[in-house]
Amino acid sequence: MLGLMQRRELLISSIIVHAARHHGEAGVISRRKNGALVGASYADIELRARKLMGVLRDLGVQFGDRVATLAMNSDRHLELYYAISGMGAICHTINPRLSVDDIGYILDHAEDGVLFVDPGFLPLAKGAAVRTPSLRAIVVLGEEAEIGTCNPPHGKAVYAYETLMSQAAAAPDWPEFDENTASGLCYTSGTTGRPKGVLYSHRSSLLHAFGVCMPDGIGLRATDRVLPVVPMFHVNAWGLPYAAPMVGATLLMPGRQLDPVSVLRLMNEERADLAVGVPTVWSALLAHVRATGARFDTLKRIMSGGAALPLALVEGFEKFGVEAMQGWGMTETSPLVTANRPKPATVDAPADHACKQGRVLFGSDLRIMGAEGESPWDGKTPGEVSCRGHWIASGYFRHQDNILTRDGWLPTGDVGVIDRDGFLKLTDRTKDLIKSGGEWISSIELENIAASHPDVAEAAAIAVPDAIWGERPLVIVVPREGRAPTPEAIRTFFEGKVAKYAVPDRVAITDALPHGATGKLLKTELRRIYLAPKA
Ligand code: ADP
C-alpha cells in the first residue's frame, strides 16, 4: 500500500521559489571587482534567474546540455546556478586556478555549449575555448564595456551578460521534471590522470542542502549572515548557494577579494555571523587580526574543511570569541559527510577533540575498512574511510571505472580511526602513508608536529626509499619569515612526540612548497624534486 501524501519532485528551483516567496527581503550582497558592494534580494534573484532561462534558451541551451561557469562567488553566479539547473541543463563550475590546458580538457570532455566568465577570466576562457569545438558562445558576467577589446576566438560568439539580460523576457514559471535529473558537474583532480567529473542531481543537491542546514551540520537559520570564502567552483561552495536560500539566510559574496584584509572588511561591514573556508584562509585571517589589532565585530563561527584544522587555529579564534569547527568531505561527497559538533558524551572533551573531523550526518554513512574488514570504533584501529548515501557519487561522468566496492561503498583514499562516540579522526591518506620496518608512520602527524615548531610556517612529509627500512620519512619545511631553523633543530623537535621509528632521519629546508590549483600540497612534485636520482 502506498502512502497518501503529495509527491513533489525535489528540484533545485523550488529552493529559490521558496526564498523569493518567504524570504524576499533576505538575499545576496556581492563585492564587485571595483570594490563596490551590490545587493540583490532572493526575490530579485528568482526573477532574474527566470530571465536567464530565457537567455539560455536563446543561446540554444536545451534540457541535459552542459553550461560552464568560470567565476568567483557573486549574485550573478547564483543566478546561473538556479537558471541552468532550473531549466534542466547542467551547471558545470570550472576552477579558474587550473591550467589553461586542464580547463580546455574539461570543457571539451563535458562538451559545454556556453561558457559564462567573470571579466578577469576572459583571457583564460579564450585560451581554453580554442580547444573546445562544442563551445558556441562566451558570456562575460558584466556590462558591455567589460568585454573590452576582445577578439572572439574563431567560431565563438562573445556577449555581455547584462545586455542579454536586458533583452530577455522572464520565463513565466519553472519547469517540472524528474528529481534524479543531473543538475551540476564539478571536476576533481586525482593523483594521476586528468580531472574527473562528479555529476550531482537535483535530489542529491537538495538533500545535501537539508543536511548542511541541520543544527549539527553547518547549521543555518534565517537570521544568519553567511560568508562563503569557499568558492562556488569548488564542490558548489559546500552547498551554501542552496542551503542559505533554503532557510532564508543572507549570503555575503566576496568576489575575487579573498585576501585577509578584504575578507575581514566584508565580515565586519556586512555583519557576518558565520564564514566558511579552508584552513589556509583562516590562518591568514588570524595572523592579520593579531598583527593589526583588528577584531571580529559580529563573527560567531567559522567552518573549516578541505584540510585538517590545527588546534592552534581553534584556540587562536577562541581568544577572539569565535568558534572554529570543521567538517569533512570531498567533491565526490557533495561534500559534507561529517561535522564536528558535540554529543552529550563529548561536551566536556579535551580541547584537541576539535581536531577530529567529526561525526556523520543523517543522509550518508561512514565506515573504515582495514585489512580484516570493517575496523572497530575504538579510536585506534585505522582503516580506509568509505561512505555511501543520498549525496555520494556512484561514478564519474563519462568514465567506465567502477568506483564503488561490491557492496556499494565509496572508498575515499583517506585513512582514519572512529572513536566509540562515532567521531572520525583522519590519520593519513592511503597514498601518503610511510611504511618503515613494517610500521606505519603518518605523514600528516609529522607535518602537524613540524608545523607546530615556532620557526616553521609550513611542512610536508614524504617517504624516501631506504635499503634497510623499506621507507623512511623526509620532512621538508618552510621557515617562518625572519627565522632560520637548522635541520637538526627540527629533527630533534620530534623526539618524544612520536614513536622512535617515526622520528625523521632527514629534514630539508626550502623557501616554498609546491601547491596545486586548490591549494593542496603537490606531493608528486615534492617526490619528483627530492627523490630524483642524483646525476
Ligand atoms: P574538499 O577540499 O572540498 O574537501 P576535495 O575533493 O578537493 O574536496 O578534497 C577532499 C579531500 O580533502 C579529502 O579526501 C581529504 O583528504 C581532505 N579533507 C577534506 N576535509 C578535511 C578535513 N576536515 N580534515 C582533513 N582533510 C580533509
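Counting starts at 1 for both ligands and their atoms, following the listed order. None of these values were measured; they are calculated from a predicted model.
The residues Arg388 and Asp407 are annotated as not salt-bridged, no charged nitrogen and carboxylate oxygen being separated by less than 4.0 angstrom.
Side-chain contact annotation: His202 with Ser85, donor-acceptor N/O pair under 3.5 Å absent.
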Find all protein N or O atoms under 3.5 angstrom from an N or O atom of ligand 1 and list the pairs with distances, or write 'none'.
{"from": "ligand 1", "atom 1": "2 (O)", "to": "His234", "atom 2": "NE2", "distance (Å)": "3.4"}
{"from": "ligand 1", "atom 1": "2 (O)", "to": "Lys520", "atom 2": "NZ", "distance (Å)": "3.2"}
{"from": "ligand 1", "atom 1": "3 (O)", "to": "His234", "atom 2": "NE2", "distance (Å)": "3.1"}
{"from": "ligand 1", "atom 1": "3 (O)", "to": "Trp238", "atom 2": "NE1", "distance (Å)": "3.3"}
{"from": "ligand 1", "atom 1": "4 (O)", "to": "Gly329", "atom 2": "O", "distance (Å)": "2.8"}
{"from": "ligand 1", "atom 1": "6 (O)", "to": "Thr331", "atom 2": "N", "distance (Å)": "2.9"}
{"from": "ligand 1", "atom 1": "6 (O)", "to": "Thr331", "atom 2": "OG1", "distance (Å)": "2.9"}
{"from": "ligand 1", "atom 1": "7 (O)", "to": "Lys520", "atom 2": "NZ", "distance (Å)": "3.4"}
{"from": "ligand 1", "atom 1": "9 (O)", "to": "Lys520", "atom 2": "NZ", "distance (Å)": "3.2"}
{"from": "ligand 1", "atom 1": "12 (O)", "to": "Gly306", "atom 2": "O", "distance (Å)": "3.3"}
{"from": "ligand 1", "atom 1": "14 (O)", "to": "Asp414", "atom 2": "OD1", "distance (Å)": "3.4"}
{"from": "ligand 1", "atom 1": "14 (O)", "to": "Asp414", "atom 2": "OD2", "distance (Å)": "2.6"}
{"from": "ligand 1", "atom 1": "16 (O)", "to": "Asp414", "atom 2": "OD1", "distance (Å)": "2.7"}
{"from": "ligand 1", "atom 1": "16 (O)", "to": "Asp414", "atom 2": "OD2", "distance (Å)": "3.2"}
{"from": "ligand 1", "atom 1": "16 (O)", "to": "Arg429", "atom 2": "NE", "distance (Å)": "3.2"}
{"from": "ligand 1", "atom 1": "18 (N)", "to": "Gly306", "atom 2": "O", "distance (Å)": "3.4"}
{"from": "ligand 1", "atom 1": "20 (N)", "to": "Gly306", "atom 2": "N", "distance (Å)": "3.0"}
{"from": "ligand 1", "atom 1": "23 (N)", "to": "Gln326", "atom 2": "OE1", "distance (Å)": "2.9"}
{"from": "ligand 1", "atom 1": "23 (N)", "to": "Gly327", "atom 2": "O", "distance (Å)": "2.8"}
{"from": "ligand 1", "atom 1": "24 (N)", "to": "Ala307", "atom 2": "O", "distance (Å)": "3.3"}
{"from": "ligand 1", "atom 1": "24 (N)", "to": "Ala308", "atom 2": "N", "distance (Å)": "3.3"}
{"from": "ligand 1", "atom 1": "24 (N)", "to": "Gln357", "atom 2": "NE2", "distance (Å)": "2.9"}

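Side-chain N or O atoms of Thr132 include one that pairs as donor or acceptor with a backbone N or O of Ala128 at under 3.5 Å.
Looking at residues two or more places apart in sequence or on another chain, you find no side chain to side chain contact (heavy atoms under 4.5 Å, CB included) involving Asp511. Residues passing the side chain to side chain contact (heavy atoms under 4.5 Å, CB included) test with Lys300 are Asp273, sequence neighbours excluded.
Within the structure, every pair that satisfies the ring-ring contact (aromatic ring centres under 6.0 Å, His included) test and touches residues 301-343, not counting sequence neighbours, is listed here: Phe296-Phe317, Phe296-Phe320.
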